[in-house]
Every structure is written in C-alpha cells, then in structure tokens.
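Order of the sequence lines fixes the chain letters, A, B, ..., with proteins taken first and strands second; residue numbering starts at 1 for each chain. Note that the structure is a prediction, hence the values are computed from the model and not measured. Computation of the quantities below employed the complete heavy-atom set of this structure, encompassing side-chain atoms and omitting hydrogens, waters and symmetry-equivalent molecules.
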Number of protein chains: 2
Amino acid sequence: MRPTVHDIAAEAGVSLATVDRVLNNRPGVRSVTRDRVERAIVTLGYVRDVAAANLAKGRSYPFVFILPAGENSFMRGLEAELRSAMARSAAERTNITILSVPAFDAQALAAALSQAHQRRPAGVAVVAVDAPEVTEAVKQLRMDGIAVVTLVSDLPGSGRDHFAGVDNIAAGRTAGTLMGRFLGDREGPVAVLAGSMLVRDHRDRLEGFRAVMGEAFAGRKILPVIEGQDNPALVEELVDTLLARHPDLAGIYSLGAGNRGLVAALEKAGRARTICAIAHELTPHSRAALLSGTIDAVLNQDAGHEVRSAIRVLKAKADGLPVIEAQERIRIDIFLKDNLPIEQA
Amino acid sequence: MRPTVHDIAAEAGVSLATVDRVLNNRPGVRSVTRDRVERAIVTLGYVRDVAAANLAKGRSYPFVFILPAGENSFMRGLEAELRSAMARSAAERTNITILSVPAFDAQALAAALSQAHQRRPAGVAVVAVDAPEVTEAVKQLRMDGIAVVTLVSDLPGSGRDHFAGVDNIAAGRTAGTLMGRFLGDREGPVAVLAGSMLVRDHRDRLEGFRAVMGEAFAGRKILPVIEGQDNPALVEELVDTLLARHPDLAGIYSLGAGNRGLVAALEKAGRARTICAIAHELTPHSRAALLSGTIDAVLNQDAGHEVRSAIRVLKAKADGLPVIEAQERIRIDIFLKDNLPIEQA
DNA sequence: CTGTTAGCGCCTTCAC
DNA sequence: GTGAAGGCGCTAACAG
C-alpha cells in the first residue's frame, strides 16, 4: 500500500495537521519540525493523492473563455468542444463562462477582457487579436493574479501565461512543402488566401509558407495575399476574381477560414481538380471537399485538445503549479482523404 | 452545490446504503424503492463524483501488458510510454506487469498469454501475432472474465474486447496517396518493404497501399513485397540488393520497422534524395532521416495515446462500463520535416 | 430488503 | 507551533 499522511505523521512523530502544513507549505511550523516531516516524506516515498485532496478542498475553478462570434465552423467546433468540457465540469470542479465577441475586433475584445476581469475568475482563455489595447487588457488581468491563456492565436509580449495552439510558422511551412511537392513540375503561380493580417496565427502561417517556398521551391511564383476576413461570401467573390485573372493558377493555400467560399468558387469554375488546394481546419465543409477532391490536404489543429489543454494549464497556473510545456504542445495534423478521422456524432 | 448521495437519500426518503445499491445496481432493493431513488436521481440531476467513489472503493486494477522484445524502436518507445504510465499508476490505481516475448513468435506469445492468465489480472493488453494458438489463448482469458485489448496489431475473431491501434488499411491508403502524389509524373517502379506477413497490421497496410495505387495511380508498377522481419541488418541487406537490381526505382514504402537499415542502404547507394521513401513510426532514426531528407514522410501512431487508451478501456471493461469507441480511436499522424513534434526528453 | 456506521486520504477549523 | 476532531462524497461491512 502506498504511504498516506498518517504514515508520514507516524514516521515524523507529529500530527496530521502538521504534515498537512508542510505538504502545502503553509506557515506555522518550526523549521526543525518541517525538516523532520520532509525527511519522512522522502524516505516513505510519499505521493499525494490529488483526487482525495480535491475532494477535501471542495475547490472549484471559475474560468472565462472569450471566443469570436460568427459562422466560422472551426470556432463553432471549438465552442462545441468547450461546451462538452463544461458538461464534464462537475467532475472537474471547473466553472466556465463563455463570452462571445465580434471577430477581428480589438476594441470589443479588450472590452470583453475587462468584463471578464470583473467576474474575478481564476483564469481567462482568449482567442487573441494582436493589438495594443488587447495586450494591455491582458496585462491588467495578470496584475490581478488572474491566469491568462491565449487560445488558437497568440499574443506575444502580453505576458500571457501560456499559448494553447499550434506553431503556426511550422504549419505554414508544412503547407508549403505539401504544395511544392504535390505540384511537382507543374507550371503556374500559387495564390495565398488569408483571413486577416490582424491575427497572429494568420501572419505566422504566411511567413512559414513563404519561407519554404522561397527555400525549396524557388521557381514558383507566389501571388499577393488576398484577405477574405474568414467570411465565405467574401472569399467566394475574391476567388472568383482570382480565377478569372489567372487561368494558369496551379495552387491555392487558404490559411484562414471561410473555405466554403473557396470550394464553391473552385467548383463553379470547373477547376476543382486541376488546382491544388490546401486549407486549414477540418470542418464538415473541408471534410466534404477533401473527399470530393476539391481540397487536396487539410492542416488541422485539434480544437478538443486545445480546449482541454487550456483548462489543464489554467488549473495548474491557478494552483501555482508548473506546466510541462512539452506535454501541452498541440500538434499540426495533416489530413488527406485517406486518413480522415471518423466523424463524431 | 451539486447534489450528493445524501440529497438523494433525503429526496427519496431512504438511507445512503439504499441509494448506493441503486447507483451501483446491486441487488437487494425492491423495485418500488429503486424507482423512487431513480426518480430522485433524475429530478436532482445527480452526477456521481467518480473521484470520491474511487477513493472509497480503494479498488486497484492489476493488468498485464505483453510486448515483443527486440531492438524495434517503436516497440521500445511503446514500452517507455507504458513505464511512464506505470509511474502514474499510484494515482490511477493501476498495477501493471510487463511480459516480454520474442517478436513474430506465435508459440511464445500463446505461452505468455497463459502465463498472464495465471496471475488472474483484471485485464491483458497484447501486441498480437495472427495465429490460431494466440486466438485460442485470448479466448481462454475472455472465458475467465479477463478483459483483453489488442495493441498495435489486432486479432479479429478472437473475441478481444477492443483494439487499441490505428486503422492500418487507411494507413496504407494514406501512404499510397502520398507516394503517388509525391512521385507525380516521375517514372519508375515502387518497392514495398514489410516486416512479416504474420502480423495483421502489416498485411492491412499492404492491402490499403495496393488498393490506392491500383485505383488512383494505376500506371505505377509495384514490385513484390520484401520481408525484413523488422530487423535493421536484414533490411539493409535486402534493400542493397533491391537498389542494385532496380536502378530506376522511384519509391519505397516501408510499412514495418527496421528503418535504420533502409536509411543506411539508401544513403550508401547515394540514392537518398532521388528515391521517395515513406515509412512508419516516428523514432529517433526516422526523425533524423526525415530531417536529412532521406525519408520523405513518416506515418505515425502515437504510442502514448495507444497505451493510455488501452488502460482506459481495460479499466472500463473491468468495471463493466461501456467504452465510447469513437473517443478511443487512434489517429494516423502524418509527419513531414516541417511538422515534427518537439523532441521529448 | 433496508439502515447504521465506519472509513478511503486529505484538508480545515478551532482549541491548546 | 502543534494537535484533535470533523467532514468532503462515496462505499462497504454489519446489523436489523
């Protein structure tokens, strides 16, 4: 049987209360006594039963999650994952509130952050827009000891505790390698379609993509970036124009959302099979387009992992515990039509 | 505050013990009483606190894991993951024993299974070899109410409770699509290198690969399968011969282990960059080869996920609880040099 | 059939 | 500074 607090108390010749004080390094123990207890802990190889500790504490963690509103399927999927995490919140002793803000709107986001602040939560997770007022709002939270995790899109320089999202430079590089190799010797330029250069994740993907294309496929021409605001209708319009203007277009890298518009435009023009399309985020639409062959590859970040990681990290930070960064790293999934995961209910 | 057993007892006008009996559907409750309790559970929206239940039960789960011995990096990585799960076993109330058997040896595996049987564990996880004596041994375990999960390589028809591994037909298909697209118009045949046709996972990958090549890249010639027994030295020898015989070889799909040998042979022959190589399992060797460009893509199954999933499923089966199959599905990861995960310590 | 009681391992008053 | 006692939510004897 593994040792318990009783065993330590016996071994050290003190009471349970004292052991507990040492365990949670609370004040009120002479350092001699503390030493004795710590020695007992080591010799017995004691490991605290976290479940029992939480049970006794009855602690719960109030968190606020701030997500962009709108039709964006990825974000709606993320919200669904969050809601299913909330369903488990009884068991996990977490208490989550969702705040919704217009996409790409720094002002609104900053306001939401201070609204979150007023609730005095133990932690906040936010899909960041890279702007000074947002950075400032995050700093305010941190100054009040509230843990902050950026989700999906980062905000470096804000002092956030952690970023729960993928390495978007690497994601852009991955897209570049796939594009270059899938195209092979085929002639023609490649277009890049982004949501907005206001968010860090899109900027990073672009940087990675351009870097690889420059290094490994230097002969390939990259057209200027098109910004579709993650809005399917706008994306469709822009791609219509693009296709009309470039009859020799060989590939499109869509690094943001709104892929419904991309797919519609490609199919309408009858160029779904001839243009190599690489997009981000597995949604019902991108999945269908992958299966039909309109999209050739989808890079994905697992929203469920991101949400669960954010919650784990917020808990750890709230308790002042260390985070094993390597363990919280979110992978860049590559999906072809052949390795699609089973559709969830 | 969420409702507890006390609240239910009060609401239903019974004692704690009765509530507990209903909760764990143990016998000894009149159906009228049972109904009353169940109604209380629903009206109060009660959710059992699993942590507290486990604490009270003090239950622990003795499991046996049977793994192939040998140098195979993937299997050693799997074992490492298992050992780190064992390190957490205090917290998870699990008690794991590892049994090691020679690879691809059905006799030895069957013997190990009955050795595991004698320990009367709550569950057994096994990397299966597809042979009648193994199937029989698994059936024996199941007949004694011991849960059995196959790990990495499946054993259909054995009545195992669950398979913790990837869909290897899909993995083979994925490799096929990547190979076909990476090669593009480039001429030349493709070779397939397997470990052994005795294990199900290798057979399945081959099937998927051939299917896609036949459907989508029908012009491409596939050479007869080479079996390297997952042994680097043997693989190197076989690939040496292969390369000598086929100066026009365009690609190699290595669907088993022993990739050290493959990499050595390709580099020795100076054909590392001209032949498109796709392999399985991310190990220190395949990672290095991916970075150097000798291997073009690696398909991976996350050994950590597999181990943790196997343990979760064994626990659930041991408790007679249902398993959400979709949630235990193991993904097929695709790695290029650009999206390699950070190296773990 | 049903209820009482005493823990599981830990934390938290409140005395001393 | 330290200790004793009670309780977190649930389960498991053991009585009735």
From [options], nucleotide with atom closest to [X] side chain:
X	options	answer
A:Ala56	D:dC10, C:dC10, D:dA12	C:dC10
B:Leu23	D:dT2, C:dT2, D:dT11	D:dT11
B:Thr33	C:dT2, C:dC11, C:dG9	C:dT2
B:Arg48	D:dC8, C:dC10, D:dT11	D:dT11

Answer whether the closest heavy-atom distance between the side chains of B:Arg331 and B:Asp302 falls below 4.5 Å.
no
Nucleotide [N], atom [atom2] - distance to [atom1] of [X] in whole Å:
X	N	atom1	atom2	value
B:Asn54	D:dC10	CG	P	12 Å
B:Asp35	C:dT2	CG	C1'	16 Å
A:Asn24	C:dT13	CG	C1'	15 Å
B:Lys57	D:dT11	NZ	P	6 Å
B:His6	C:dT5	NE2	P	13 Å
A:Asn25	C:dC11	CG	P	11 Å
B:Leu55	D:dG7	CG	P	17 Å
A:Arg30	D:dG1	CZ	P	8 Å

Looking only at N and O atoms, is any donor in the side chain of B:Arg2 or the base of D:dG9 less than 3.5 Å from an acceptor on the other one?
no
Does this structure show an ion pair linking [X] with [Y], if we count only N-O contacts that are shorter than 4.0 Å?
X	Y	answer
A:Arg76	A:Glu79	yes
A:Arg329	A:Glu325	no
B:Asp144	B:Arg120	yes

Going by atom types only, do A:Asn24 and A:Arg48 share a side-chain donor-acceptor pair under 3.5 Å?
yes
Starting at the 5' end of DNA chain C, which residue's closest nucleotide do you reach first, B:Gly28 or A:Val5?
B:Gly28
Base, sugar-phosphate, or nothing for B:Arg26, non-hydrogen atoms under 4.0 angstrom?
sugar-phosphate
Under 4.0 Å between any heavy atoms, over every strand shown, what does A:Asp20 touch: base, sugar-phosphate, or nothing? Just pick one.
base
Exactly one of B:Val19, B:Leu44, B:Ile41 should register a side chain to side chain contact (heavy atoms under 4.5 Å, CB included) with B:Asp7. Which one does?
B:Leu44
Residues in residues 8-19 of chain B with a heavy atom under 4.0 Å of DNA chain C, by number, are B:Val14, B:Ser15, B:Ala17, B:Thr18
Worked verdict on A:Arg160 versus A:Asp154 for salt bridge (Lys or Arg N to Asp or Glu O under 4.0 Å):
CA-CA 9 Å; A:Arg160 86 285 186 280; A:Asp154 199 7; 2.8 Å; yes
